[in-house]
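Working notes, beginning with the structure itself.
When a residue number appears, it is its place in the shown sequence, counting from 1.
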Amino acid sequence: MSDPYDIAVIGAGPAGANAALAASGQGQRVVLLDEQPKPGGQVWRAKDASILSAPDTPESTAGNALRVRVLESPVVHLGNTRVWQIERQEAGWSIHVLRQGCVEKLTVRALILATGAREFVQPVPGWTTPGVVGLAGATALFKQNLSLPGKRTVVAGIGPLVFFVASEIRRLGGEVAAVVTPNTRRDWMAALPAMLSRPDLLWRGGLWVADLMLNRVPIHWGAAVTGVEGDTAVAGVTVQRLDKDWAPRGETRRVEADSVCLGNGLIPAIEAPQLAGLSIDHRPELGGWIPKLGKDGATEVEGVFLCGDGAGIRGAAAAELHGILAGLNAAGFLGSPTDAERDRLRPRYDRAARFGVAMTGLSVPRPGLAHLTTPDTIVCRCESLPLSTIAAEIGSGAGSTNSVKSGLRAGMGPCGGKYCQTVVARMIAAAEGRDEADIAPPTPRPPLRPVPVAAMAGDFGYDDLPIPKPAPL
């Protein structure tokens, strides 16, 4: 691959795509890399070709506008491209990618990381049963394929996403058996002052809840799904009341369903920033571990900029503006005059971020949620490791996530620890009476994403090896 670029942007969601557009608008040569075929990310995911005639939503409208802007700009967008390694070079950065079945390398002068976030699910008995999907995973089904998780679905989780998912299921013709959320009405009232900064979003969220209530969909406030029933398919769930720390303490009830949407907040995806050499801080109010960040996406590593949910969960509106600021800042690093434009934009970003942080505050799991995971519950899905096995490893002296990973392979499967490592860290902290901020995530190693061995080998052939003849006897 030739290297005609000044800046590489990794991630083409609201933050990354806008960062690329902003930097390109300053005359920088920009390449935008993403695993999805089209820009938009998770929030503004593009529709599949089979549903292009479906009515637009606010998300699809915003995504379509962004995709047109990228298409009409000088930005070179490389979709279906998987970044698996980042290396510092003397004059910039080398980005190793998997594209069209081949490994390639780009060399750029500056790097913008917009890697987004991943979903956290607190494991409960039966959460690996077919028919259980994450809340964020369900939104991907809606936006890309107009698919429903099932015919009768329990939607359970924290923060505003639970109500968006329930509303979309109803809009697409599905039945919501119940909404289950640890948040209480009081939690939402406490967040109301910050939400008033975005009355449009507040109004939309109010419509979601009103629709559910008017259609007599049960909403279990201050409760959680404590178990999923069924062997090869979901048959129902157990719902239990929670105490103020979100530990199960109250009455239980059963809800029949054939599918479950389950989620407990978002966690910034920080592996790529860590590979680029950035140190991290624990900021629960922003989703957990985040890279250290300066103004307008600047970082402690020269030539590396961050934006969007990978720098802390602040919502899509803030991510879009943060991307523009980071793109302008990166262009400024390479010589473009952008200070005045960033000064004008920063107040808008600050307002959007206040709303997003309030929503993130509703999605921060409380300590009692860990009690939903029983000793027999699978924690590491890739290696089929139950909580009891991981607890025994911690009890034998594994006092770090790296130690548990080394001893049990928890985090070494295809997901790279994205499902289990947060739970493992919290287990270590609880067992040793330490703060979660003292338990760092495991050290990231390339590849960031799975890469086929055949692609790594390239044209190499074993038949071409110069094998000496056997020595005479």
Side-chain angles (χ1 to χ4, degrees), residues 119-122 124 126-127 131-139 141-142 148-192 194-195 201-229 234-266 358-366 368-369 371-372:
E119 188 165 35
F120 171 67
V121 178
Q122 183 68 44
V124 300
W127 76 299
V132 180
V133 300
L135 289 176
T139 67
L141 292 175
F142 305 152
L148 290 167
K151 294 181 179 179
R152 179 176 165 85
T153 307
V154 170
V155 183
I158 56 182
L161 191 57
V162 68
F163 295 105
F164 172 73
V165 169
S167 176
E168 285 296 280
I169 288 174
R170 282 188 39 75
R171 184 178 72 86
L172 296 176
E175 179 184 359
V176 178
V179 172
V180 185
T181 177
N183 298 120
T184 63
R185 296 179 182 88
R186 181 175 296 179
D187 295 333
W188 280 95
M189 290 302 295
L192 185 59
M195 291 190 290
L201 297 180
L202 178 60
W203 173 254
R204 191 179 180 207
L207 291 177
W208 296 339
V209 178
D211 173 73
L212 295 170
M213 296 178 69
L214 288 173
N215 286 278
R216 300 184 181 277
V217 175
I219 301 178
H220 301 285
W221 303 94
V225 167
T226 56
V228 179
E229 301 174 0
V234 173
V237 302
T238 302
V239 176
Q240 189 169 4
R241 297 285 297 176
L242 306 179
D243 65 17
K244 64 179 182 179
D245 289 325
W246 291 1
R249 290 288 186 271
E251 62 184 19
T252 62
R253 66 180 67 193
R254 182 180 184 275
V255 179
E256 291 187 1
D258 63 6
S259 52
V260 182
C261 296
L262 195 61
N264 301 113
L266 299 175
M359 295 298 95
T360 301
L362 289 167
S363 303
V364 176
R366 298 179 191 172
L369 209 64
H371 295 289
L372 300 180

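For the atom pair CZ (Phe163) and CZ (Arg204), the distance works out to 14.5 Å, reported to the nearest 0.5 Å. For the atom pair CG of Leu369 and CD of Gln122, the computed distance is 5.0 Å after rounding to the nearest 0.5 Å. Expressed to the nearest 0.5 Å, how far CD1 of Ile169 lies from OG of Ser259 amounts to 6.5 Å.
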Could you walk me through whether Thr226 and Leu372 pass side chain to side chain contact (heavy atoms under 4.5 Å, CB included), step by step? CA-CA 6 Å; Thr226 56; Leu372 300 180; 3.6 Å; yes
For Val162 and Asn183, what are the C-alpha separation, side-chain angles and deciding distance, and is it a side chain to side chain contact (heavy atoms under 4.5 Å, CB included)? CA-CA 11 Å; Val162 68; Asn183 298 120; 6.0 Å; no
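Across every non-hydrogen atom of Glu119 and Gly134, the tightest pair is OE1-CA, 3.2 Å. Here the closest non-hydrogen pair linking Val133 and Ala138 is CG2-CB, 4.2 Å. Contact record, Gly126 with Val228: O-CB, 3.5 Å, taken as the closest heavy-atom pair. Across Arg152 and Glu256, no two heavy atoms sit closer than the pair NE-O, 2.7 Å. Of all the heavy atoms in Leu135 and Gly263, the pair that sits closest is CG-N, 3.7 Å. Of all non-hydrogen atoms in Pro182 and Asp187, the two that sit nearest each other are O-OD2, 4.2 Å.
The shortest distance between side-chain heavy atoms of Pro365 and Ile158 falls below 4.5 Å. Using a 4.5 Å heavy-atom cutoff, the side chains of Thr139 and Glu168 are not in contact. Proximity of Cys261 to Thr153: side-chain heavy atoms (C-beta onward) are separated by under 4.5 Å at one or more points. Between Leu262 and Val124 there is a side-chain heavy-atom pair separated by less than 4.5 Å. Here the side chains of Thr360 and Leu266 are not in contact, with every heavy-atom distance at 4.5 Å or above. Under the 4.5 Å side-chain criterion, counting only non-hydrogen atoms from C-beta, Met359 is in contact with Met195.
Residues satisfying the ring pair (Phe, Tyr, Trp, His ring centres under 6.0 Å) test with Phe142, not counting sequence neighbours, are none. The ring pair (Phe, Tyr, Trp, His ring centres under 6.0 Å) check on Trp127 picks up nothing, with sequence neighbours excluded. Here Thr252 pairs with nothing under the side-chain hydrogen bond (donor to acceptor under 3.5 Å, both in side chains) rule; sequence neighbours left out. Judged as a side-chain contact (heavy atoms from CB on, under 4.5 Å), and not counting sequence neighbours, the contacts of Leu207 are Trp203.
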Which atom pairs, donor and acceptor, lie under 3.5 Å between side-chain atoms of residues 213-224 and protein residues at least two apart or in another chain?
from	atom 1	to	atom 2	distance (Å)
Asn215	OD1	Arg170	NH2	3.2
Asn215	ND2	Asp211	O	2.8
Asn215	ND2	Asp211	OD1	3.2

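Sorted by first then second residue, the side-chain hydrogen bond (donor to acceptor under 3.5 Å, both in side chains) pairs that include residues 235-248, not counting sequence neighbours, number zero.
Within a 6.0 Å sphere centred on CZ of Arg253, heavy atoms belonging to other residues, nucleotides or ligands number 12 at most.
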